[in-house]
Amino acid sequence: EPASMTWFPGRKADGRSGATWAKVLCDWPALSYVTADAGSGLQAGIAAVQQERKEGQPPLENGLDVFHTTDEAGRVLRLRWNRVEQLWEQAETADRRVKESQRQGRDARGAAVAAGHARKKATAAIAQYERCEAGWKRAHGALSVFDSRGQLNDRGRSEQEIARALPMLSGREWSKVRNFLQAKEALTFLDRLH
């Protein structure tokens with residue numbers, strides 16, 4: 001439970017299937033809201049409980065936690081930055097080869113062309129990283145309680161910000177983050193806040 005930092009169903013189970021999670025959640029008939037990660041077993045269990053709720057019981061709302069989305073985005077940004085550093089080191093190595101060839105009086109034109117290509121690749125990787133970082137900052141802001149102007153965030157504004165950010169989060173490695181951001185459950189906490 002995010003506000004009190006209490007972990008309620010902490011017990012060892014045989015598996016993490018939807019049926020296992022549904023059994024745990026059925027023990028809480030007055031539970032009205034679950035903040036959870038996007039694990040397939042957990043989400044299947046929540047869906048099963050939502051369908052099984054009887055009249056007179058509160059509906060069970062489901063919200064994705066922001067932690068896992070943020071954690072995954074951080075992982076992708078670290079991978080991207082590692083790639084930038086690798087390409088930059090290759091460009092520096094290529095530049096050293098040019099200087100070494102010149103110092104030894106050898107023809108450095110081939111080395112210079114290779115160094116130019118290496119610098120272009122590194123520069124492009126930096127630009128791509130900066131684009132992704134800006135996209136993630138925009139998307140992460142949409143997952144905040146308050147927007148950049150200090151106003152209480154709402155689903156509509158957050159969905160617009162996420163839509164603007166998604167094109168900046170391009171590439172296969174961003175697919176998990178994009179899926180989290182586009183899930184309707186990602187902004188349930190804002191609906192409840194209002």
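The analysis underlying the following values was restricted to heavy atoms, covering all of them including side chains, and did not include hydrogens, waters or symmetry mates. Remember, predicted model here, so these are calculated numbers, not experimental data. Sequence positions, counted from 1, serve as the residue numbers for this chain.
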Enter the distance from [X]:[atom1] to [Y]:[atom2] here, rounded to the nearest 0.5 Å.
X	Y	atom1	atom2	answer
E161	D147	CD	CG	8.5 Å
K23	S17	NZ	OG	10.5 Å
R53	C26	CZ	SG	8.0 Å
E85	I126	CD	CD1	10.0 Å

Closest approach of [X] to [Y] (non-hydrogen atoms, all atoms of both residues):
X	Y	answer
L181	A139	CD1-CB, 3.7 Å
R109	D107	NH2-OD2, 2.8 Å
A186	L143	O-CD2, 4.2 Å
S158	L190	OG-CD1, 3.2 Å
A108	S101	CB-CB, 3.8 Å
W174	L169	CB-O, 3.3 Å

Item to complete: Before giving the answer on side chain to side chain contact (heavy atoms under 4.5 Å, CB included), spell out for L152 and F146 the whole-Å C-alpha distance, their side-chain angles and the decisive distance to 0.1 Å.
Response: CA-CA 5 Å; L152 193 58; F146 296 99; 4.0 Å; yes
Joint cluster assignment, [X] & [Y], ILVMFWY side-chain distance < 4.5 Å:
X	Y	result
L193	I162	yes
V84	L87	no
L31	V49	yes

Discussion item. Counting only heavy atoms not in R155 (residues, nucleotides, ligands), do more than 12 fall under 6.0 Å from its CZ?
Written reply: yes
Compare all side-chain heavy atoms of [X] with those of [Y] and state whether any distance is below 4.5 angstrom.
X	Y	result
V76	K176	no
W28	L60	no
D14	T20	no
R192	S32	yes
W21	I46	no
Q104	E100	yes

Discussion item. Applying side chain to side chain contact (heavy atoms under 4.5 Å, CB included) to V177 and W136, what does each step give before you reach the verdict?
Written reply: CA-CA 9 Å; V177 173; W136 170 243; 4.0 Å; yes
Worksheet item: Given the rule in the side-chain hydrogen bond (donor to acceptor under 3.5 Å, both in side chains) test, do R178 and S175 qualify, once you have shown the distances and angles that lead to the verdict?
Response: CA-CA 5 Å; R178 286 192 308 266; S175 64; 5.0 Å; no
Discussion item. Checking side-chain polar atoms at under 3.5 Å, does R149 have a donor or acceptor matched by the opposite partner on Q151?
Written reply: no
Worksheet item: Do V66 and F180 pass the side chain to side chain contact (heavy atoms under 4.5 Å, CB included) test, and can you show the C-alpha distance, the side-chain angles, and the key distance before you say yes or no?
Response: CA-CA 9 Å; V66 174; F180 288 163; over 6 Å; no
Worksheet entry | Summary of side chain to side chain donor-acceptor pair (under 3.5 Å) pairs that have at least one residue in residues 120-132, sequence neighbours excluded | Q128-S170
Fill in: Any donor-acceptor pair under 3.5 Å from T35 side chain to D65 backbone
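No, the answer is negative, given that no donor and acceptor are paired below the 3.5 Å cut-off.
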Response to the item:
The side chain to side chain contact (heavy atoms under 4.5 Å, CB included) partners of D95 (sequence neighbours excluded) come to A115, R119
Can you name the residues that form a salt bridge (Lys or Arg N to Asp or Glu O under 4.0 Å) with [X], not counting sequence neighbours?
X	answer
R16	none
R75	E72
E173	R80
E185	none

Worksheet item: What residue among T69, L64, L42 forms side-chain contact (heavy atoms from CB on, under 4.5 Å) with D37?
Response: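 The single option meeting the side-chain contact (heavy atoms from CB on, under 4.5 Å) with D37 is L42.
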Worksheet item: Pick one: which of E89, Q90, R96 meets side chain to side chain donor-acceptor pair (under 3.5 Å) with T93?
Response: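 Of the listed residues E89, Q90, R96, the side chain to side chain donor-acceptor pair (under 3.5 Å) partner of T93 is R96.
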